[in-house]
**Student:** 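Next up is a structure, given as structure tokens.
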Amino acid sequence: MKYHFNEIEAKWQKYWADNQTFKAENPVLSGVEGKSEKPKYYVLDMFPYPSGAGLHVGHPLGYIASDIYARYKRHKGFNVLHPQGYDSFGLPAEQYAIQTGQHPAITTEENIKTYRRQLDQIGFSFDWSREVRTSDPSYYKWTQWVFIQLFNSWYNNDSDKAENISTLISVFEKDGNTNVNAACDDNVKLFSAEAWNNFSSEQQQDILLQYRLTYLAETEVNWCPALGTVLANDEIVNGVSERGGHPVVRKKMTQWSMRISAYAERLLQGLETIDWPEPLKEIQRNWIGKSVGAQVEFNVIPKEQSDEESHKISVFTTRPDTIFGVSFMTLAPEHELVSKITTPEQKAEVEAYIEATAKRSERDRMADVKTISGAFTGAYAEHPFSKQPIPIWIGDYVLAGYGTGAVMSVPCGDQRDYDFAKHFNIPIPNIFEGVDISEEAFADKDNTIIANSGFLDGLNYKQAVKQAIYELEKLGQGKGKINYRLRDAVFSRQRYWGEPFPVYYVNGMPQMIDAKHLPITLPEVEKYLPTETGEPPLGNATHWAWCTKTNSVVSSSAVENKTVFPLELNTMPGWAGSSQYFNRYMDPHNEDEIFSQEAINYWQQVDLYIGGSEHATGHLLYSRFWQKFMYDLGLVPHDEFAKKLINQGMILGTSAFVRRVDGFNYEKGKYNSGEHFNKGAYNVKTNILISEGLASNQDYLKKLLIENKPDTESSIKSYDTITSNIDDYKISLRDGVHVKVKYVNASDELDINGLKNDEEYGKDYIDCIFLGENGEIIGGNNDVFKVRRDVEKMSKSKLNVVNPDDIVSDYGADSLRLYEMFLGPLEQYKPWNTAGITGVHSFLKKLWKLYFDDNGFKVTEDEPSKEALKTLHKTIKKVEEDIENFSFNTSVSTFMIAVNELTAQKCTSKKILEPLLILISPYAPHIAEELWSHLGHKESISTAPFPKFDESHLVESTKNYPISFNGKMRFTMELPLDLSKDDIETAVMAHEKTKEQLQGREPKKVIIVPGKIVNIVG
RNA sequence: GCUGAAGUGGUGGAAUUGGUAGACACGUUGGACUUAAAAUCCAAUGAACAUUGCGUUCGUGCGGGUUCAAGUCCCGCCUUCAGUACCA
């Protein structure tokens, strides 16, 4: 009987689905007193966004690893929760809708079907009965519900947790806000209880918004005109949008925000309590960006004595010890005080500068950090201690978004201040003892001794910081302060395909729709574009389905609503739905609660979370924030949602490139067959593609290009400057252009006929001339055309994706699973190379042959040999250790060794071959199930107990000692393990080869580590 | 620039507390089987020298150091990748 993997895999996938083999036991319904008797274990993957391109072989890597772990835990007797779902709101489906008019829900549904089919055929042990989709109203009902809870909460810095807004209101009613220590807007004004009680309802609501954990405020946002929406900081990469690479500009808009900054310190501290990869924690630490220092107030010297208005400039500094080194101040050009303090003489210059900086895009500013620019406002501030006047400048090296948007400039201690001072000829006073600052600033805190600084003289950094803050507090002009880089997260998107807000407006103030009306479902719209009046796409909606008779406030027509009580027209961002899904899986069908307390108290938190590190500052940070909030509400037992996290590395594609002699009416992927190449050696009609061998023969190539130089005017610049150095040519010749990897074999040879007949791009190549290594035109069947190969990220646009469907049909899911693990350590980036899969595939065939040969099933009841027991038990030990350490690649090697050994031993004993299947089952579950059933089992292998390791089978009586001379191993010697040191020495010294090595010399020293090594020093 | 991770054969990668470097595969070469191919099996495969065999020397990015012994520990560099960037 042969190993027919396709049939076997289909059979067992159907069996698992029919029998719901991997359904997690429900703690509420099973066992005694509402609990499963098994210990729980929760293994989670980051759920996918179902894109139209489907899966490539890089996507399942993490899923395979987590699946192996989940299956292993089932063998170990755990009640395993291993769910899967879809993060199904998002931009691509919406962009597609804009282009084609197809409803994103339909696109999403189709994509999910593809994903599900692809996932199913890999044989994952997901509990699909718990599937969630973020775009499903029964799911996003709870996303909206969390939003309402956030709106109804404020952050109490004294109790250090979120509390219901009603507690804040009662404080306001009794004492006003003067003694409130809360996370709030920087611009909150102080008021008394009396004032509060006299405020209008709108005024009160406005003030409360400055405290709520989600709030509506005019903020400077990242606006992406091409996408027509705002973006969060983590959605911008290198100054352009992460999706699509469109430019982003700063813009003031009224937006929903999340007061994540309230949790900055807890998000930072929490990192110490979780087992997450250190690099990822570091990214989060940097993003939170804690810096300890002081806030200092500088009084602006009034322009004229009669000037009644007095201004203060607050700055944040990490170096209050250098306060006597301040020789100027710098404000961000956008700073609100700039217009107020600028003198008439400087007005023109300052305004010109502001205009110039406003014009520069974020990207320009980032690209050009070297150029020093700024303008003097004409105003001066007073030094808090020396009382000397300090000129106030503006400069774009000071960012409006960080700290207070103003700095006290200490040129002797900060290189940027130093450069600015040099550039504008501002004095650079030295306040450091014994330090030369004629060339650059001195920023070494650890070796600082302060001088020329009055009461700070002679102090070191730490002492001076403390003293300076003390003196500032005495003056009432400063205090110690901790600043965080973490900004509140903008939470609205001007898009259609996202969660609607449960919000309507009364007199411009946002109101929550009562939770009993949730979900507020996404209304149908005619167009997915902004309305003519510039409102988000939801402004096109005419009917909202959520309205009920019980809520008389809002009627069922949005048109009507707009005149009476307008609805929120923005939708939530992509990360809204992914910030609570891990908890929802615990009780996904609960219609009354986000999850029951029974469920959360049983499942607790995610034990193992696997996903990519690219979510460090997005999903993973926001989820931690929401979890802490849920913890404050008393809804979850842990304030971290995932105990352990592993980042799987990316699987890279091996792209293929052909060198193209470029520039002939080439546009939009279509090659014109022009008349430019009527002359020359080949009577060339169109583009030339050059094989790798020729591309490296640069002199020949040059000659060839000159001979074929077109004589028409359309000849290309690069042809006029032909050199023998290929690097001088356009990218398309130097690096080549991508071709589909499926037309390139393992020897880097291109299948030209396949390429020309490709459905998508074949027509582009029909008229191309392919030149071989010696400049010959490639046409014959035996001709070889080589391409350049390079490792890159796997992506559709790079034409280097490998589809798991093809792998599964050619080699089977078990081969795919084993091979993905075999490639290398889970966390590591590694290139995919389909050719290597034959190794694991033939391993599976060898495994099969241990059970079946031409005469049929050959497993016997015979007692196993000693060697076979040894093989089995060392395999048990190693595999168990490997899985516990997430070292899946090495356990695949271990299986190979075991099967090779057992084959050599001609082992047929059931006592060996039965437990072996359980070891392999997490990795290659289909073949394991099939052979398991042939062993006579009626039940699935999935919960068979993991074999117990028995040390006694590994006990050896002898050791093959490596004998080293001066640390270099020369030969080995088989010796009994119970030999004493002296006996070992005697035996080794008596050996013929030892004498040969020593050549008569006396050894100086003999090191013997029993059971390990012998080293003779001569 | 700063922060983090990593550099081992032709390739992917192994190597407990320092203790036989290159496991396991891919690829390559030779052989068996076959009319042939595929599949399968066997052998060799770090480099150089030697080759009649025993072998010998060098080898884990580079330069030092600790040690009987270093891929592993310490110091100083180099390179690559990733994150981040005027953060006061």
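Labels below follow one simple rule: chain letters A, B, ... track the order of the sequence lines, proteins then strands, and each chain is numbered from 1.
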**Student:** Does the distance from a Lys or Arg side-chain N to an Asp or Glu carboxylate O, for Glu265(A) and Lys290(A), drop under 4.0 Å?
**Tutor:** yes
**Student:** Taking the minimum atom-to-atom distance to the side chain of Ile283(A), which one of G4(B), G83(B), U20(B) wins?
**Tutor:** G83(B)
**Student:** Tell me, do Phe949(A) and Lys874(A) make a side-chain contact under 4.5 Å, heavy atoms counted?
**Tutor:** no
**Student:** Check this for me, if you would: do Asp853(A) and Lys849(A) make a salt bridge, where the nitrogen-to-carboxylate-oxygen distance has to be below 4.0 angstrom?
**Tutor:** no
**Student:** So, do Val296(A) and Ile323(A) sit near enough that their side-chain heavy atoms are less than 4.5 Å apart?
**Tutor:** yes
**Student:** For Ser891(A) versus Val879(A), what's the shortest heavy-atom pair and its separation?
**Tutor:** CB-CG2, 4.2 Å
**Student:** Below the 4.0 Å mark, does A88(B) have OP1 or OP2 next to a side-chain nitrogen or oxygen of Ser291(A)?
**Tutor:** yes
**Student:** Respond yes when some side-chain nitrogen or oxygen of Arg416(A) is under 4.0 Å from OP1 or OP2 of G1(B), and no when none is.
**Tutor:** no
**Student:** Determine the contact category for Ser964(A): base if any of its heavy atoms lies under 4.0 Å from a base atom, sugar-phosphate if only primed atoms, P, OP1 or OP2 are that close, otherwise nothing.
**Tutor:** nothing
**Student:** Just to be sure I understand: a Watson-Crick pair is purine N1 to pyrimidine N3 plus N6-O4 or O6-N4, both under 3.5 Å. Using that and G-U wobbles, which stems of three or more pairs involve RNA chain B?
**Tutor:** B:1-7 with B:78-84, B:10-12 with B:24-26, B:27-32 with B:40-45, B:46-49 with B:55-58, B:61-65 with B:73-77
**Student:** Tell me which nucleotide among U20(B), G19(B), C87(B) gets nearest to the side chain of Val1009(A).
**Tutor:** G19(B)
**Student:** I'd like the P distance from G4(B) over to C77(B), given in whole Å.
**Tutor:** 15 Å
**Student:** Side chain of Ile1013(A) only, heavy atoms from C-beta on: which candidate in U20(B), C68(B), A23(B) is closest?
**Tutor:** U20(B)
**Student:** Does any donor-acceptor pair link the side chain of Lys1012(A) with the base of U17(B) at a separation under 3.5 Å?
**Tutor:** yes
**Student:** Ignoring backbone atoms, test whether Lys845(A) places a side-chain nitrogen or oxygen under 4.0 Å from the OP1 or OP2 oxygen of A39(B).
**Tutor:** no
**Student:** If only side-chain N and O atoms of Gln828(A) are considered, is one of them under 4.0 Å from the OP1 or OP2 phosphate oxygen of A6(B)?
**Tutor:** no
**Student:** For Gly824(A) and for Pro962(A), find the nucleotide of RNA chain B with the closest heavy atom, then tell me which residue's nucleotide is more 5'.
**Tutor:** Gly824(A)
**Student:** What nucleotide, of C41(B), C87(B), C24(B), holds the atom closest to the side chain of Arg485(A)?
**Tutor:** C87(B)
**Student:** Using atom C1' in both nucleotides, what's the gap between A82(B) and U28(B) to the nearest angstrom?
**Tutor:** 34 Å
**Student:** Ignoring backbone atoms, establish whether Asn889(A) has a side-chain N or O less than 4.0 Å from OP1 or OP2 of A14(B).
**Tutor:** yes
**Student:** Looking only at the side chains, is there a donor atom on one of Asp814(A) and Tyr923(A) sitting less than 3.5 Å from an acceptor on the other?
**Tutor:** no
**Student:** I'd like to know if Arg285(A) and Glu282(A) make a salt bridge, using a cut-off of under 4.0 Å between side-chain N and carboxylate O.
**Tutor:** yes
**Student:** Return whichever of Asn960(A) or Asp417(A) has its heavy-atom-nearest nucleotide of RNA chain B closer to the 5' end.
**Tutor:** Asn960(A)
**Student:** Just to confirm, is there a sub-4.0 Å distance from OP1 or OP2 of G12(B) to any side-chain nitrogen or oxygen of Lys830(A)?
**Tutor:** no
**Student:** Using OP1 and OP2 only, check whether a side-chain N or O of Asn1015(A) sits under 4.0 Å from U67(B).
**Tutor:** no
**Student:** Assign Lys2(A) to base, sugar-phosphate, or nothing according to its heavy-atom contacts below 4.0 angstrom with the strands shown.
**Tutor:** nothing
